[in-house]
2 protein chains.
Amino acid sequence: MGRRSDHTPAQLRALLLGEGHRLMAEVGYAGFSGRLVARRAGYTVGTIYNVFGSLDGLVAAINTRTFALWAEWLRDALERGGEDRIASLVRGYFDFALAHPQLWSAIYEHRLPDGASLAEEDLAHRAELTGIVEDEVALVLPADTELDVARFARSLIASVHGHCSYVVSGSFALLDEPDPLGSALARVRESLAYHGTLRQIS
Amino acid sequence: MGRRSDHTPAQLRALLLGEGHRLMAEVGYAGFSGRLVARRAGYTVGTIYNVFGSLDGLVAAINTRTFALWAEWLRDALERGGEDRIASLVRGYFDFALAHPQLWSAIYEHRLPDGASLAEEDLAHRAELTGIVEDEVALVLPADTELDVARFARSLIASVHGHCSYVVSGSFALLDEPDPLGSALARVRESLAYHGTLRQIS
DNA sequence: TATTTATATTGAACATCGTTCAATTGTGCG
DNA sequence: CGCACAATTGAACGATGTTCAATATAAATA
């Protein structure tokens with residue numbers, strides 16, 4: 001079969017990305033296969049290389065989509081959550097990872113080849129997610145704080161991330177930790193309290 | 001070639017483990033190859049399966065060795081470090097990961113097949129590492145603290161781990177974080193202070 | 001409309017991977 | 001000395017990512 005017109009380039013990209021995302025959610029990064037993605041989309045391997053340049057390009061796009069869903073998830077958590085917006089964020093972080101462990105893990109398991117760097121689109125979506133947290137952290141700190149709020153917020157994200165990655169990888173289960181989310185939230189609260197949180201809701 | 005007597009079973013195990021550890025340090029989990037380990041040791045693939053049962057068994061053994069080196073590294077850091085033992089621990093955690101990024105990452109990149117679990121030896125070495133931290137955290141907290149010190153210590157480890165994993169994976173570089181170690185240590189200090197650290201050194 | 005140009009798609013080829021297992025060959029014991 | 005045992009091999013199998021000449025079709029041109 002030669003050239004087709006079943007899909008426009010944009011449609012084809014969306015199709016492969018969708019199937020890729022679906023497969024990643026099913027089998028995770030370790031079981032991911034470019035050939036299978038193409039087959040499910042009704043195409044063959046080579047097409048992935050036409051559209052995404054490389055398999056790493058497809059995986060990066062898949063992870064970018066996961067990031068976008070994650071940001072959306074956090075915004076929902078903030079909207080539907082109560083007054084304690086910090087708790088909503090931490091809970092949202094955990095919930096997403098636990099709802100989509102394969103997708104969430106794939107973000108951190110994918111390593112680009114040496115020298116290669118992420119595309120601008122990917123960086124933008126990550127900045128979006130951290131931006132949501134930065135805004136909420138800023139709201140809760142005194143206006144005259146001496147902290148670099150952005151750095152502080154990202155450090156809190158890293159702390160929560162550590163807890164979450166232990167949960168998803170199973171390390172915490174082995175350590176008999178009954179409430180990882182609660183621990184993560186407690187650490188965040190302690191740091192916020194140290195810097196004079198405005199409203200402290202138990 | 002059939003049966004040999006170049007090495008005793010114990011020697012052979014040590015040989016393969018050593019070469020495997022060396023290769024993991026060189027190429028990381030993604031580039032790891034059982035065939036290459038065997039070739040470097042002067043044997044062939046099958047021997048790995050004789051000795052370790054599976055390739056996962058070899059990788060688990062490699063990661064266990066990394067854990068042991070890490071624990072030793074932390075003890076050294078405590079011994080050679082100054083009075084601020086908490087700082088020594090956090091710095092030791094980071095330094096090891098940065099000194100051996102491939103070995104450190106391999107610990108968290110290796111996922112056992114569904115249902116499989118780690119051997120007792122592996123669990124013991126992990127408990128050793130967390131035990132070192134638990135002891136130091138207990139020393140620095142008031143004797144009459146209401147905290148579950150073990151859980152608290154492991155939560156602090158998770159926080160530091162989160163920062164460290166961002167550094168090794170390059171996420172923090174993208175976020176322009178100038179001092180991840182300093183941030184991690186600051187968060188740890190804030191949590192300790194919240195629970196009434198005895199001596200607070202800067 | 002007929003012809004040519006451009007391009008998207010294919011799938012075989014290649015080198016590798018993990019895993020299995022029959023065959024082989026050396027070791028140590030009776 | 002010969003036999004039973006056990007360790008080691010390496011070919012086989014199905015899969016992976018990656019490349020690229022061949023091909024078939026769409027789009028552009030005459």
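So that the names make sense, note that chain A is the first sequence line, chain B the second, and so on, each numbered from 1.
Between A:Ile132 and A:Leu78, the closest side-chain pair of non-hydrogen atoms falls below 4.5 Å. Residues A:Leu103 and A:Trp70 form no side-chain contact, since every pair of their non-hydrogen atoms from C-beta on lies 4.5 Å or further apart. With contacts defined as side-chain heavy-atom distances shorter than 4.5 Å, the pair B:Ser159/A:Arg187 qualifies.
Counting distance only, with no hydrogens placed and no angle test, the side-chain atoms of A:Arg3 and the base atoms of C:dT10 include no donor-acceptor pair under 3.5 Å.
You'll find that the side chain of A:Thr44 is closest to C:dT10, out of D:dT9, C:dA13, C:dT10. Comparing D:dG17, D:dT8, C:dT19 by their closest approach to the side chain of B:Leu12 singles out D:dT8. For A:Arg4, counting side-chain heavy atoms from C-beta on, the closest listed nucleotide (C:dT20, C:dT10, D:dT18) is C:dT10.
Base engagement by B:Gly46 is indicated by at least one non-hydrogen atom pair under 4.0 Å involving a base atom. At a threshold of 4.0 angstrom between heavy atoms, the contacts of B:Tyr43 are confined to the sugar-phosphate backbone, with no base atom among them. Using a 4.0 Å heavy-atom cutoff across all strands shown, B:Ser33 reaches sugar-phosphate atoms only and no base atom.
Straight-line distance from the CG atom of A:Leu23 to the P atom of D:dG17: 10 Å, rounded to whole Å. Protein atom CG of B:Leu58 is 11 Å distant from nucleotide atom P of C:dT19, rounded to whole Å. Computed from coordinates, the A:Arg39 CZ to C:dT10 C1' distance equals 14 Å when rounded to whole Å. One can place CZ of A:Arg35 at 10 Å from C1' of C:dA12, the figure rounded to the nearest angstrom. Rounded to whole angstrom, the span from the CG atom of A:Leu16 across to the C1' atom of C:dT9 amounts to 12 Å. Residue A:His110 contributes atom NE2, which lies 12 Å from atom P of D:dG17 at whole-angstrom precision. Atom NE2 of B:His7 is separated from atom P of C:dT27 by 14 Å (rounded to the nearest Å). Spacing between atom CZ of A:Phe52 and atom P of D:dT18 amounts to 14 Å, rounded to whole angstrom units.
The two residues B:Leu17 and B:Ile62 make their nearest non-hydrogen contact at CD1-N, 3.7 Å.
In terms of phosphate contacts, B:Thr47 brings a side-chain nitrogen or oxygen within less than 4.0 Å of OP1 or OP2 of D:dT9.
Judged by closest nucleotide on DNA chain C, A:Val45 is the one of A:Val45 and B:Phe32 placed further toward the 5' end. For A:Gly53 and A:Leu36, each mapped to the nucleotide of DNA chain D holding its nearest heavy atom, the one lying further toward the 5' end belongs to A:Leu36.
Under the 6.0 Å cut-off for aromatic ring centres, B:Trp73 and B:Tyr93 do not qualify, their centroids lying 6.0 Å or more apart.
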